[in-house]
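Quick note: numbers below take in every heavy atom, side chains included, and nothing from hydrogens, waters or symmetry partners. In listed order, ligands and their atoms are each counted from 1.
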Amino acid sequence: MEKLYEGKAKIVYATEDPKEVLIFYKDDATAFNGLKKDTIKGKGRYNLAISKIFFDHLAQNGIKTHMVDVIDELTMRTKKTEIIKVEVVVRNIAAGSLCKRLGLPEGLELKKPILEFYYKDDALGDPLVNEYHIETLGVATKEELSEIATQALKINQLLQEFLKKRDLLLVDYKLEFGRFEGEILLSDEISPDTCRFWDKNTRKKLDKDRFRQDLGQITEAYEEVLKRLSY
Ligand code: TMP
């Protein structure tokens with residue numbers, strides 16, 4: 001299979017169908033724009049299984065995603081979208097870069113979700129941008145961005161409800177969208193690599209912050225998220 005692209009956590013391969021690709025989920029993990037690197041045993045398998053559960057749930061609720069099917073425990077077949085170079089972050093509870101930037105205490109419940117856009121460019125370290133930058137620089141049109149924002153907030157409602165039933169708080173998360181045959185599809189992955197999940201009662205971190213902050217029990221946390229989503 002022809003390798004089309006290798007990222008930090010996934011590899012994209014061509015298929016016999018020019019409109020579809022295979023995405024292989026790696027165990028590799030990076031943080032701080034690639035400065036910290038390691039392998040998290042089992043991560044690829046957990047992230048794929050978790051992403052599949054979320055994509056299925058969202059698709060059942062009217063969100064169009066790039067997922068076609070799952071080939072094996074490390075490989076997802078998806079539509080070959082043209083990725084829009086915007087990382088969309090939605091925050092419900094203050095954590096991570098929001099706390100650093102604005103001096104907020106971690107764990108502060110936000111009165112309303114905060115939506116942020118980052119320009120997807122590793123060389124620039126994915127800088128925070130707004131609608132004006134995105135539109136003026138031609139990264140996405142105003143209409144595309146408006147649809148992306150609507151979808152990101154609808155996804156927030158759906159995922160928060162889904163996770164609450166499983167005693168998980170959706171602190172924040174990052175989404176990516178792609179263009180495909182005139183539509184915008186939710187792309188990339190939704191996993192403990194790209195979300196912050198806390199246990200609702202103990203607020204224990206069950207996501208990649210365990211790797212970023214050297215908290216240990218990383219695989220166990222990913223496994224726990226999958227276990228809770230599976231019932
Ligand atoms: P942040 O607080 O570091 O800005 O992260 C916000 C959310 O986005 C968090 O759930 C982790 C996720 N994220 C990614 O998926 N990829 C990234 O490169 C970064 C920086 C954050």
Side-chain angles (χ1 to χ4, degrees), residues 5-10 23 25-38 40 43-44 46-48 50-51 54-55 58 65-66 83-110 112-130 133 139 148-149 151-153 155-156 158-160 162-163 168-178 186-200 203-215 218 221-222 224-225 229:
Y5 174 77
E6 177 157 5
K8 287 177 283 201
K10 296 190 288 303
I23 301 185
Y25 282 62
K26 302 195 278 187
D27 283 349
D28 298 348
T30 66
F32 315 117
N33 202 19
L35 284 180
K36 183 180 168 112
K37 281 193 191 114
D38 210 341
I40 300 172
K43 178 174 83 80
Y46 292 123
N47 280 357
L48 183 147
I50 292 166
S51 293
F54 285 134
F55 284 145
L58 292 173
T65 85
H66 71 158
I83 282 290
I84 297 171
K85 289 178 71 174
V86 177
E87 298 199 346
V88 184
V89 169
V90 180
R91 303 179 185 272
N92 297 304
I93 298 175
S97 70
L98 181 73
C99 294
K100 280 209 195 88
R101 197 179 317 118
L102 299 180
L104 300 175
E106 184 183 73
L108 179 76
E109 310 262 350
L110 301 170
K112 269 176 67 171
I114 291 178
L115 182 69
E116 294 174 341
F117 301 117
Y118 294 84
Y119 179 47
K120 191 172 155 62
D121 186 315
D122 279 344
L124 297 175
D126 299 339
L128 181 69
V129 290
N130 67 26
H133 297 104
V139 179
I148 286 171
Q151 286 199 32
L153 293 172
I155 290 167
N156 196 40
L158 292 166
L159 293 189
Q160 273 190 306
F162 186 77
L163 289 162
L168 289 169
L169 292 174
L170 181 59
V171 174
D172 56 29
Y173 57 94
K174 184 264 301 178
L175 302 173
E176 294 183 27
F177 294 86
L186 175 64
S187 301
D188 196 49
E189 66 181 280
I190 305 180
S191 72
D193 269 16
T194 63
C195 305
R196 288 193 173 94
F197 301 120
W198 292 353
D199 178 86
K200 201 169 99 187
R203 297 210 156 195
K204 183 178 175 185
K205 295 181 165 113
L206 295 171
D207 56 62
K208 195 174 159 188
D209 269 352
R210 302 203 73 81
F211 168 70
R212 296 188 188 99
Q213 301 172 7
D214 293 317
L215 300 176
I218 308 170
Y222 282 60
E224 175 67 22
V225 171
L229 297 187

S.K.: Yes or no: does D207 have any heavy atom under 4.0 Å from an atom of ligand 1?
M.R.: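 Not so, D207 does not reach ligand 1.
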S.K.: Looking at non-hydrogen atoms alone, which of R212, R196, K174 comes nearest to atom 3 (O) of ligand 1?
M.R.: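 When every heavy atom of R212, R196, K174 is considered, R196 comes closest to atom 3 (O) of ligand 1.
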S.K.: Quick one: does K120 get a heavy atom under 4.0 Å from ligand 1?
M.R.: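 So K120 does not count as touching ligand 1.
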S.K.: Who's closest to atom 1 (P) of ligand 1 heavy-atom-wise, of C99, G96, G125, S97?
M.R.: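 Answer by nearest heavy atom: S97.
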S.K.: Counting heavy atoms only, which of K208, E87, E176, K8 comes nearest to atom 18 (O) of ligand 1?
M.R.: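 It is E87 whose heavy atom sits nearest to atom 18 (O) of ligand 1.
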S.K.: At a 4.0 Å threshold, what atoms of ligand 1 neighbour a non-hydrogen atom of D193?
M.R.: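 Answer for ligand 1: 15 (O).
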S.K.: For residues N47 and E189, report the shortest heavy-atom separation together with the two atoms involved.
M.R.: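 Closest pair (atom of N47, atom of E189, distance): ND2-OE1, 3.4 Å.
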S.K.: Is there side-chain contact between K36 and F211, with heavy atoms separated by less than 4.5 Å?
M.R.: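 Yes, at least one pair of side-chain atoms sits under 4.5 Å.
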S.K.: Side-chain contact, heavy-atom cut-off 4.5 Å: I23 with L48?
M.R.: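 Answer no - side chains too far apart.
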S.K.: With a 4.0 Å cut-off on heavy atoms, does E116 reach ligand 1?
M.R.: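 Distance cut 4.0 Å: E116 fails for ligand 1.
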S.K.: Can you confirm whether something in the protein, heavy atoms only, sits under 4.0 Å from atom 12 (C) of ligand 1?
M.R.: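 It does; a protein heavy atom is within 4.0 Å.
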S.K.: Would a distance-only check, ignoring hydrogens and angles, find a side-chain to backbone donor-acceptor pair under 3.5 Å from D27 to G44?
M.R.: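 Confirmed, D27 side chain pairs with G44 backbone.
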S.K.: Could you tell me whether E106 and K205 make a salt bridge, using a distance below 4.0 angstrom between a side-chain N and a carboxylate O?
M.R.: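 A salt bridge links E106 with K205.
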S.K.: Say whether N156 and N92, considering side chains only, have a donor N or O and an acceptor N or O under 3.5 Å apart.
M.R.: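 Yes, a side-chain donor-acceptor pair sits under 3.5 Å.
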S.K.: Under 4.0 Å from a heavy atom of R91: which atoms of ligand 1 are those, numbered in the order shown and with their elements?
M.R.: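 So the answer, numbered in order with elements, is 1 (P), 2 (O), 4 (O), 6 (C).
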S.K.: Does L115 reach the side chain of V90, with side-chain heavy atoms less than 4.5 Å apart?
M.R.: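 Yes, side chains in contact.
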S.K.: Show which atoms of ligand 1 fall inside a sub-4.0 Å distance from at least one heavy-atom site of Y173.
M.R.: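 Within the 4.0 Å cut-off of Y173, ligand 1 contributes 10 (O).
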S.K.: Does the protein put any heavy atom within less than 4.0 Å of atom 20 (C) of ligand 1?
M.R.: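 No, because not a single protein heavy atom sits under 4.0 Å from atom 20 (C) of ligand 1.
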S.K.: Which of these passes side chain to side chain donor-acceptor pair (under 3.5 Å) with D193: K208, K174, K43, K8?
M.R.: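 Of all the options given, the one that passes is K43.
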S.K.: Could you tell me which atoms of ligand 1, counted from 1 in the order shown, lie closer than 4.0 angstrom to a heavy atom of C195?
M.R.: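 Per the distance check, 10 (O).
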S.K.: Just need the protein heavy atom nearest to atom 10 (O) of ligand 1, so name the residue and atom and give the distance.
M.R.: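 So the nearest neighbour among protein heavy atoms is D172 OD1, 2.6 Å.
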S.K.: Counting only heavy atoms not in K200, do more than 12 sit closer than 6.0 Å to its NZ atom?
M.R.: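 Yes - once you tally the heavy atoms of other residues, nucleotides and ligands closer than 6.0 Å, there are more than 12.
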